[in-house]
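In the text below, chain A, chain B and the rest are named by the order of the sequence lines, each starting its count at 1.
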There are 2 protein chains.
Amino acid sequence: MGRPSLREERRRELTLALERVLARVGVADASIAAVADEAGVAPGLVHHHFKNRDDLLTTLVRELDRRFVAARAAPPGTPPHEVLHRTVDAAVALRGDVGRRAARAWVALYAEALGSPHVGGVVRALVLREWRTLTATWERLGASRDDAQRRAAAVVAMILGSLVFGALLPGTAVGFAAPSLHTLLRAWGAADADDRVADDPAGPTAHSTPRPPHLCAGPEASCRCC
Amino acid sequence: MGRPSLREERRRELTLALERVLARVGVADASIAAVADEAGVAPGLVHHHFKNRDDLLTTLVRELDRRFVAARAAPPGTPPHEVLHRTVDAAVALRGDVGRRAARAWVALYAEALGSPHVGGVVRALVLREWRTLTATWERLGASRDDAQRRAAAVVAMILGSLVFGALLPGTAVGFAAPSLHTLLRAWGAADADDRVADDPAGPTAHSTPRPPHLCAGPEASCRCC
DNA sequence: CCGTAAGCTGGTGGAATCACCAATCTACTC
DNA sequence: GAGTAGATTGGTGATTCCACCAGCTTACGG
């Protein structure tokens, strides 16, 4: 037998290095060489672990999506309105340096999706999945098919927009939007049993309920999703 | 006297060429040479009319912003709630090929804003301006300063998100979000005199009222704002 | 201590990019 | 028709990036 494989660890390290580079310098200057330098390895090693640039980029897309899915995960039997609020929370939970980095990486990947058919396909699939999932959730709440589709589209737009907003403006900005987004859900009837108040007076960074038990923002947090 | 200056026309032609290139191939492959080729001129000409790449990019940002501002323009004395609905309309009005192209260009510019301090400054300034404008509008409607900021942040996030959504998914998708966004405004009390119904049954592409007199989507339309 | 499998290095070729500029062309005025 | 300001061309040199790979290093088992 030979040396034990470190392939998965290396792939993960390089993926996280790509995230940091993307967040710092944007998509145009995120070269393979820059990623290797960020990770402290030789440029050729990137090609040893990833087929090409697209492979590296799509791996990061899946990593970021994994975090989002883990953050909005709800145990079976969770009522639909709770699922909606958790989804919004997961999107707006990108606070601090870690969250800001992820948001900036997302925005860079949106742009890359426009030019690269491969990356575009992966990103588009994720957006469509969210749209369909949310549509089904709204239907479970009694909305008609058309209403469900429209509301789901609006929620998806909010999620995407929150990431752009958070990427462009200082960290606290995105927190301002959070209570308002929950207000929208309530306006559509996605309220839970206890009475939420309109425009949660607890402030922009506080949540309207102790509901979100875990909002993972990245790999630094010690949790199951990172 | 010498030859009359065509500077402004050429700058505009090249700016629109950049928009097309950005929408088609994304930010990474939008080279100066590609823009010149798209406009049917020699590469060197771009440097004759623009100081550098950033100059070209920021000019496009201002052009796209000009369209948005023109589309949401309201005559003096327009009631605040009307202003809000027009703002959302202007953002979601990016339909058809022209709108899709603009949306994709916006997304590419968001990403460029992450890497280029110059472009980043211009884009950030526009987003802040919208946030402040919308905050003031909500305050005119009686919201507290905090509530106004939160609601404005949510609306800005929606606008940004609608562009990303429209850029990634086929044209009709963004239309699905429009009625829902108006519903949110109504939920916050931005309803006008006549009774809007919840989740406008006229369909995702129709507006809830004959209110928007003009929704310009680009230079092809014959209107004052293009 | 040797064989083996995998990790890792650092350099190279080919292609693309940008900033720059000298020369040429065009349209207008005097 | 001559003069002139500006538009336009097309090529160049320095730089950068990606894909690739031959060879070296490391860590394990026997």
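- Rounded to whole Å, atom P of C:dA6 lies 16 Å from atom CZ of A:Arg11.
- For A:Arg7 and C:dG7, the CZ to P distance is 6 Å, given to the nearest whole Å.
- Side-chain N/O atoms of A:Arg53 include one lying less than 4.0 angstrom from OP1 or OP2 on D:dC18.
- Nearest-nucleotide positions on DNA chain D for B:Leu6 and B:Pro43 put B:Leu6 closer to the 5' end.
- In this structure, the nucleotide among C:dA19, D:dC17, D:dG10 sitting nearest to the side chain of B:Ala42 is D:dG10.
- The nucleotide whose nearest atom lies closest to any side-chain atom of B:Ser31 is, among C:dT17, D:dT8, C:dT9, C:dT17.
- Distances from the side chain of A:Pro4 to the nucleotides D:dA27, D:dA7, D:dC18 place D:dA27 closest.
- Atoms CG and CZ, from B:Leu57 and B:Phe50 in turn, are 10.0 Å apart once rounded to the nearest 0.5 Å.
- Smallest separation of non-hydrogen atoms from B:Val25 and B:Ala30: CG2-N, 4.2 Å.
- Shortest non-hydrogen contact noted between B:Trp131 and B:Gln149 is NE1-O, 3.1 Å.
- Distance A:His47 NE2 to C:dG7 C1': 16 Å, rounded to the nearest Å.
- Look at NE2 on B:His48: it is 6 Å from C1' on D:dG6, rounded to the nearest Å.
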Practice problem: Apply side-chain hydrogen bond (donor to acceptor under 3.5 Å, both in side chains) to the pair A:His182 and A:Asp89, showing each step before the final yes or no. | Solution: CA-CA 9 Å; A:His182 287 291; A:Asp89 274 329; 3.0 Å; yes

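- Distance NE2 (B:His49) to P (D:dA7): 5 Å, rounded to an integer number of Å.
- Going from atom CG of A:Asn52 over to atom C1' of D:dC17 covers 14 Å, rounded to whole Å.
- Across all strands, A:Ile32 comes closer than 4.0 Å only to sugar-phosphate atoms, never to a base (heavy-atom distances).
- C:dA19 atom P lies 11 Å from atom CG of B:Leu56, rounded to whole Å.
- Between the CG atom of A:Asp37 and the P atom of D:dT16 there is a distance of 13 Å, given to the nearest Å.
- Not a single donor-acceptor pair under 3.5 Å links the side chain of B:Ser116 to the backbone N or O of B:Glu112.
- When distances are taken from the side chain of A:Arg10 to each of D:dT9, C:dG7, C:dC8, the shortest belongs to C:dC8.
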